[in-house]
Protein chains: 2
Amino acid sequence: MDGLEVLPVRGIGDVTAGDDLAALITTNAPWLRDGDVLVVTSKIVSKAEGRLVEVPADGPEREEARERALAAETRRVVARRGPTAIVQTHHGFVMAAAGIDASNVDKTHLVLLPADPDASAHALYDALLQRGLRVGVIVSDTMGRAWRNGLTDVALGAAGIEPFRDHRGEIDPYGNELQLTQMAVIDELAAAGELVKGKCDQVPVAVVRGYPGAGTARGAGAVALLRDAASDMFSLGTAEAHAAGLRDAATLPDVAAGTAPAASEAIARALATAAGLLAEGTAVETTPGGLRCSPPDVTAAGLMRFGAQVHSLRAALAAEGLSSTITYDGSTALVTIFAA
Amino acid sequence: MDGLEVLPVRGIGDVTAGDDLAALITTNAPWLRDGDVLVVTSKIVSKAEGRLVEVPADGPEREEARERALAAETRRVVARRGPTAIVQTHHGFVMAAAGIDASNVDKTHLVLLPADPDASAHALYDALLQRGLRVGVIVSDTMGRAWRNGLTDVALGAAGIEPFRDHRGEIDPYGNELQLTQMAVIDELAAAGELVKGKCDQVPVAVVRGYPGAGTARGAGAVALLRDAASDMFSLGTAEAHAAGLRDAATLPDVAAGTAPAASEAIARALATAAGLLAEGTAVETTPGGLRCSPPDVTAAGLMRFGAQVHSLRAALAAEGLSSTITYDGSTALVTIFAA
């Protein structure tokens with residue numbers, strides 16, 4: 001029957017720096033054959049490549065060393081809550097703790113991710129090719145997801161297998177052209193492999209047999225799965241982005257970002273946001289380039305309060321994507337508004 | 001050899017409202033046996049359950065009908081960019097377009113997700129049990145991920161299989177206790193199943209054979225994979241959360257949220273944010289409950305500008321999680337600060 005087999009590779013045992021993974025795998029899986037996909041846990045790749053950092057076995061020094069390792073592996077922090085830090089690594093992966101792991105290693109070391117998991121996958125692909133085996137190689141690791149509990153294995157690196165199966169442009173039986181259907185098959189293969197691994201059973205490699213096309217071309221690598229910044233709608237945690245909005249409101253620039261005139265609907269939405277804030281009797285008049293505002297009360301307190309309210313209005317404009325500048329004329333504030 | 005098989009179920013063909021999925025599946029997979037896991041594409045579940053909405057085949061009316069269907073299936077919008085809407089459905093799933101799909105259905109219908117995918121899985125589990133088969137059932141669908149390109153299949157519903165394999169508390173070969181290692185195995189099984197399905201090949205069901213424990217207990221359902229709001233660090237898109245921060249800065253309440261005194265480090269961070277904004281000569285004096293600020297210039301313009309700057313300072317305090325109130329005394333602003 002057509003279909004896939006997912007097979008554990010047992011007996012690999014402990015891996016240390018300098019070990020030959022191709023030799024270890026072929027020795028323990030002599031049944032490996034062309035077209036198979038190897039799903040190799042990144043941890044043994046890291047160990048073979050010596051991607052370990054020494055840390056104290058316990059105490060506050062251990063925690064400090066772990067924090068240093070995290071900082072070194074982090075390109076930027078995405079979100080933080082209590083002890084959990086979601087970061088983007090230098091590779092571009094967004095994951096908890098930069099993938100640094102203290103399990104399946106002695107207590108005086110932490111395991112980092114491979115420096116270049118696609119390169120690791122290619123090196124193993126080449127080493128197996130030299131042994132006459134034409135297989136796909138996936139370097140996998142365990143990650144959380146933004147909106148789903150529990151972890152799944154995904155691909156950090158890949159060689160000898162295309163990262164996507166692309167259904168775009170195919171026509172379904174009803175004549176509809178399929179859209180937005182690029183399947184991240186190397187992640188699905190990594191997940192399938194995980195099902196026959198165990199976290200403590202020392203089954204760091206699985207083989208998926210029967211997946212079409214594996215081993216025939218080098219492929220674009222798992223790097224193709226990294227979402228670029230321009231299409232990332234979740235580059236910051238909600239709390240972090242919200243705080244950034246508050247900070248940006250505190251530091252509204254006095255120079256406008258744009259020069260194009262603002263859409264009147266956006267200005268109207270901002271005025272609606274700010275409507276309840278303006279003191280009764282505040283005059284807000286629409287001018288060609290923005291708004292002319294005057295306070296109902298020109299005492300010192302009234303002017304300070306009015307100044308705060310006009311700043312609120314500018315923050316509300318910024319929330320609608322509009323930039324603004326302000327000038328004062330007597331006791332009148334002139335807000336000039338631009339599409340940012 | 002131990003391991004898994006992932007097998008396609010071919011021949012199911014078109015499914016329409018009222019079809020008996022258990023009959024269709026057992027007819028086309030007479031080889032099904034106890035302990036197998038069925039991975040059933042949600043689309044055929046929806047079709048069998050009549051979860052379709054009628055829409056015009058084309059034109060702007062089609063787009064309007066699709067928007068109405070999306071609104072009806074949406075609990076809340078998480079993020080929007082151009083035509084892409086990431087929403088949380090009434091079930092709690094966070095996904096693009098609420099999972100509404102126009103593929104593999106005639107042009108006058110859209111397919112909604114099953115109303116209760118766990119219930120759908122349980123119904124199929126029960127129907128198969130009545131036929132003497134004790135299997136796991138997963139209702140799967142295709143989803144995107146926040147930070148990775150491409151889609152993978154995950155579980156919307158499950159019965160007869162535990163959603164997680166929990167490694168917490170296990171001891172690895174080095175004596176480390178494993179932590180944070182709840183594997184979302186029903187998502188991994190859904191992903192494995194997808195590898196033998198095709199989007200247009202009408203292989204809507206896959207069978208995973210050899211997964212331990214399947215079919216023996218009803219399980220907690222895929223609902224266990226829904227992250228609750230309290231632990232959701234990405235409840236809004238970055239742009240949406242940032243705009244909410246700006247709006248909140250515009251609408252800082254005049255009544256403090258808390259009563260506890262604020263930490264002086266947080267106040268210092270806010271002052272650092274606002275430092276460059278305050279006009280030269282502005283006096284900022286720390287008082288027991290907050291800050292006393294006085295402007296260098298008590299002209300009308302100077303007072304309005306100062307009022308805006310004090311509001312900026314309050315926004316900077318809010319960014320540090322502090323709430324504040326303001327009172328005016330002559331030409332002095334008293335900012336009282338609380339831990340929010």
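Reminder, nothing fancy here: chain letters follow the sequence lines and each chain counts from 1. Just so it is clear, the values below take in all heavy atoms, side chains as well, and ignore hydrogens, waters and symmetry mates.
- Under a 3.5 Å cut-off, the side chain of B/Asp172 and the backbone N or O of A/Ser103 do not form any donor-acceptor pair.
- Of the atoms belonging to A/Ala79, heavy atoms from both backbone and side chain fall under 4.5 Å from chain B.
- For the atom pair CG of B/Leu303 and OG of A/Ser331, the computed distance is 11.0 Å after rounding to the nearest 0.5 Å.
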**Q.** Intermediate values then yes/no, salt bridge (Lys or Arg N to Asp or Glu O under 4.0 Å), A/Arg165 and B/Glu194
**A.** CA-CA 11 Å; A/Arg165 192 174 67 238; B/Glu194 198 284 322; 2.7 Å; yes
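- Of the possible donor and acceptor atoms, none in the side chain of B/Trp147 sits under 3.5 Å from a partner among the backbone N and O of A/Arg227.
- Between the A/Thr238 side chain and the B/Ala241 main chain, no donor and acceptor come within less than 3.5 Å of each other.
- In terms of modelled atom types and a separation under 3.5 Å, the side chain of A/Thr152 and the main chain of B/Ala184 share no donor-acceptor contact.
- Remark: A/Glu240 CD to B/His242 NE2 distance equals 13.0 Å, nearest 0.5 Å.
- Interface residue A/Leu189: backbone and side-chain heavy atoms are both found under 4.5 Å from chain B.
- Although no hydrogens or angles enter the test, the distance criterion places no donor-acceptor pair under 3.5 Å between the side chain of B/Arg145 and the main chain of A/Arg145.
- At a 4.5 Å heavy-atom cutoff, A/Arg314 makes no contact with chain B through either its backbone or its side chain.
- Using a 4.5 Å cut-off on side-chain heavy atoms (C-beta onward), B/Leu151 and A/Phe164 make no contact.
- A salt bridge does not link B/Arg209 to A/Glu5: none of the charged nitrogens lies less than 4.0 Å from a carboxylate oxygen.
- Atom CG in A/Asp232 sits 13.0 Å away from atom CZ in B/Arg148 (nearest 0.5 Å).
- For chain A, the nearby part of B/Leu277 is the side chain; its heavy atoms alone come within less than 4.5 Å.
- Between the side chain of B/Asn176 and the main chain of A/Val105, a donor-acceptor pair closer than 3.5 Å is present.
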